[in-house]
*Asks:* 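Take this structure, written in structure tokens, and hold onto it; I'll ask about it next.
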Amino acid sequence: MIKIKPYLRTYKNNKEEGIIWISFYVDRNRIHFTTKIKCQINNWNADDMYIRSTEPNSRDKNLIIENIIARINDVFVKFRLRDKKMTRDSFLRAYNRPSDYETFHAFYKDYIKKNSFKIEGSTWQTHKVVMDKLEEYNADLHFDDMDSDWLDRYYSYLRKDLNNNENTAYKNMSTIRKYVSAAFKAGYFDENPFENWKIKRGKATHYYLKEEHLNILVQAYTTGYFESKLHKSLEFFLFMCFSSLHVSDALSLKLEQFSADSFTYYRIKNRNSKPEPIQVPISEPLRKIINNIVGVRKKGLIFEKMPAQQTMNDHLKDIAAELQIPEASKISHKAGRHTFATFYLSKTKDLASLKEILGHSELRETLIYAHV
């Protein structure tokens, strides 16, 4: 059992008053620090280590000392329960660490609440699924539990117990890393457990169209090969193949954002965190598609009364199967953005411009989209 000793420290320049200090040992190393509580020398009971009632505000001062001792004991208890060796440095880090969250989950939920204006709704839903999965794995997860060994165990749990593929497990760990980094920055971790832990990412499996298959789709669109509902979904898909947009960005696009040679938009995903305008050049195929869609309209949304995204993806699979496009079951509207990136880079060799058009902050992400 640790022996914690409060004592009155006196100073030569003050013969009447001293300051209460706390002293104890950790692994044979002495730790002592001031409570900043002043006390008249005559009012300190050295035998029982408390301030006598003759001292002004003695009850409050004694309560502060008791709380400090309780906090010290609490640090020792947590180390014992986790069977972790304590050193002088580890004690001081744990003692000075903020203690307003009992678990990592409590920190994450409060962080989300305070920063909700920075996080897009769809991103928040994705993160919630990841963090709910983590809480189900360990509801009492504490900051001290999360070291590199724990990360290995949780990654193994995702792969083996939940049968997540490499990319899904990677995305889970990447999301957790965001909140661990925030907690580390706020002082809840002594060290960032992700600093020397490498996330194992699988190969990209994003689908994109080859030029010959894109031409087949363009030909079917131009000749009106499909009935109205399939034609509309094909039109929307081809718009993204030639514009680079995500589904949500395309659906919110308005005619007022267009000029003669380009259009400008803000990615919905980044509108709260990095609201930067993105300018996309209008190619001749894109111009023809836009003219077909809007006709003589001058204002309003480009796309009106569109089917649900899943419905359009189902339509695309039917279209690809009918036209004998290879791997028709893999096609979705997300493939349009990947197709744009791949063709743009192959035609222009301008990676820097592609990065700007796609609205990426890192070149590595652009390379993934362009399938380099």
Side-chain angles (χ1 to χ4, degrees), residues 1-111 113-115 140-148 150 179-193 195:
M1 188 68 181
I2 181 176
K3 186 177 181 180
I4 303 172
K5 180 183 178 181
Y7 67 96
L8 183 69
R9 187 169 181 174
T10 57
Y11 301 87
K12 291 181 180 179
N13 61 348
N14 193 336
K15 301 296 183 181
E16 297 181 357
E17 190 178 55
I19 296 177
I20 308 299
W21 280 59
I22 300 288
S23 176
F24 56 95
Y25 285 84
V26 171
D27 196 26
R28 297 185 180 181
N29 292 307
R30 187 188 182 203
I31 296 179
H32 59 118
F33 53 85
T34 178
T35 66
K36 299 181 181 180
I37 296 173
K38 296 180 180 180
C39 178
Q40 295 291 320
I41 294 174
N42 294 335
N43 290 332
W44 175 248
N45 186 327
D47 294 331
D48 295 327
M49 295 178 289
Y50 75 92
I51 299 172
R52 295 187 176 94
S53 59
T54 51
E55 174 78 11
N57 301 314
S58 61
R59 180 177 296 179
D60 292 337
K61 291 181 179 181
N62 281 323
L63 183 60
I64 293 173
I65 295 171
E66 290 172 10
N67 287 338
I68 291 173
I69 294 173
R71 185 174 175 184
I72 293 170
N73 279 319
D74 186 54
V75 173
F76 274 85
V77 167
K78 287 179 178 177
F79 269 75
R80 283 200 300 272
L81 290 175
R82 293 180 175 85
D83 196 26
K84 295 184 65 174
K85 180 178 173 58
M86 182 185 289
T87 64
R88 183 180 186 278
D89 290 341
S90 65
F91 168 82
L92 290 174
R93 286 196 301 268
Y95 179 83
N96 291 310
R97 183 190 302 157
S99 58
D100 44 345
Y101 299 107
E102 284 297 319
T103 67
F104 174 67
H105 304 298
F107 168 83
Y108 147 74
K109 290 173 183 176
D110 192 48
Y111 180 87
K113 188 183 298 182
K114 292 177 180 176
N115 294 274
D140 299 318
L141 183 62
H142 192 269
F143 302 100
D144 289 336
D145 296 331
M146 302 177 73
D147 55 19
S148 58
W150 183 91
Y179 297 104
V180 167
S181 297
F184 171 70
K185 188 175 181 181
Y188 293 94
F189 284 98
D190 299 335
E191 298 175 353
N192 188 337
E195 184 174 351

*Asks:* Search all heavy atoms of Trp44 against all heavy atoms of Arg52 and return the closest pair with its distance.
*Replies:* O-NH1, 3.0 Å

*Asks:* At their closest point, which heavy atom of Tyr7 faces which heavy atom of Arg30, and how far apart are they?
*Replies:* OH-NH2, 3.5 Å

*Asks:* Nearest 0.5 angstrom please: Glu16 CD to Asn14 CG, how far?
*Replies:* 6.5 Å

*Asks:* Within the structure provided, determine whether Pro6 and Thr35 are in side-chain contact (heavy-atom separation under 4.5 Å).
*Replies:* no

*Asks:* If you measure only the distance, is there a donor-acceptor pair under 3.5 Å linking the side chains of Thr87 and Asp27?
*Replies:* no

*Asks:* Hey, what's the ring geometry for Phe107 with Tyr101, parallel, tilted or perpendicular (30° and 60° as the breaks)?
*Replies:* perpendicular

*Asks:* As an exercise, state the distance from CZ of Arg9 to SG of Cys39, rounded to the nearest 0.5 Å.
*Replies:* 15.5 Å

*Asks:* Mind checking whether Leu8 and Ile20 have side chains closer than 4.5 Å, heavy atoms only?
*Replies:* yes

*Asks:* I'd like to know whether CG of Asn42 has more than 12 heavy-atom contacts from other residues, nucleotides or ligands below 6.0 angstrom.
*Replies:* no

*Asks:* Below 4.5 Å, heavy atoms only, C-beta onward: do Phe189 and Val180 meet side chain to side chain?
*Replies:* yes

*Asks:* Counting C-beta onward and ignoring hydrogens, is there a side-chain heavy-atom pair between Ile19 and Lys38 closer than 4.5 Å?
*Replies:* yes

*Asks:* Distance check, rounded to the nearest 0.5 Å: Phe91 atom CZ versus Ile2 atom CD1?
*Replies:* 6.5 Å

*Asks:* Kindly give the heavy-atom pair with the smallest separation between Ser58 and Ser53, and that separation in Å.
*Replies:* OG-CA, 3.4 Å

*Asks:* How long is the straight-line distance from CD1 of Ile22 back to CD1 of Ile72, given to the nearest 0.5 Å?
*Replies:* 5.5 Å

*Asks:* Under 30°, 30 to 60°, or over 60°: which ring-plane class applies to Phe33 and Tyr95, parallel, tilted or perpendicular?
*Replies:* tilted

*Asks:* Which heavy atom in Trp150 sits nearest to a heavy atom in Asp147, and how many Å separate them?
*Replies:* N-OD1, 2.8 Å

*Asks:* Write down the atom of Glu55, the atom of Ile51, and the distance for their closest heavy-atom approach.
*Replies:* CB-CG2, 3.3 Å

*Asks:* Can you tell me how far NZ of Lys109 sits from CZ of Phe104, rounded to the nearest 0.5 angstrom?
*Replies:* 11.5 Å

*Asks:* Applying the ring pair (Phe, Tyr, Trp, His ring centres under 6.0 Å) test to Phe143, which of Phe184, Tyr108, Tyr188 qualifies?
*Replies:* Tyr188

*Asks:* To check you understand the geometry: which heavy-atom pair defines the closest contact between Val26 and Arg88, and what is its length?
*Replies:* CG1-N, 3.8 Å

*Asks:* Aromatic rings Phe76 and Phe24: how do their planes relate, parallel, tilted or perpendicular, breaks at 30° and 60°?
*Replies:* perpendicular

*Asks:* Does Leu141 offer a backbone N or O that forms a donor-acceptor pair with the side chain of Asp145 under 3.5 Å?
*Replies:* no

*Asks:* Between Met86 and Val75, is any pair of side-chain heavy atoms under 4.5 Å apart?
*Replies:* yes

*Asks:* Roughly how far, to the nearest 0.5 Å, is the NZ atom of Lys185 from the CG atom of Asn192?
*Replies:* 12.5 Å

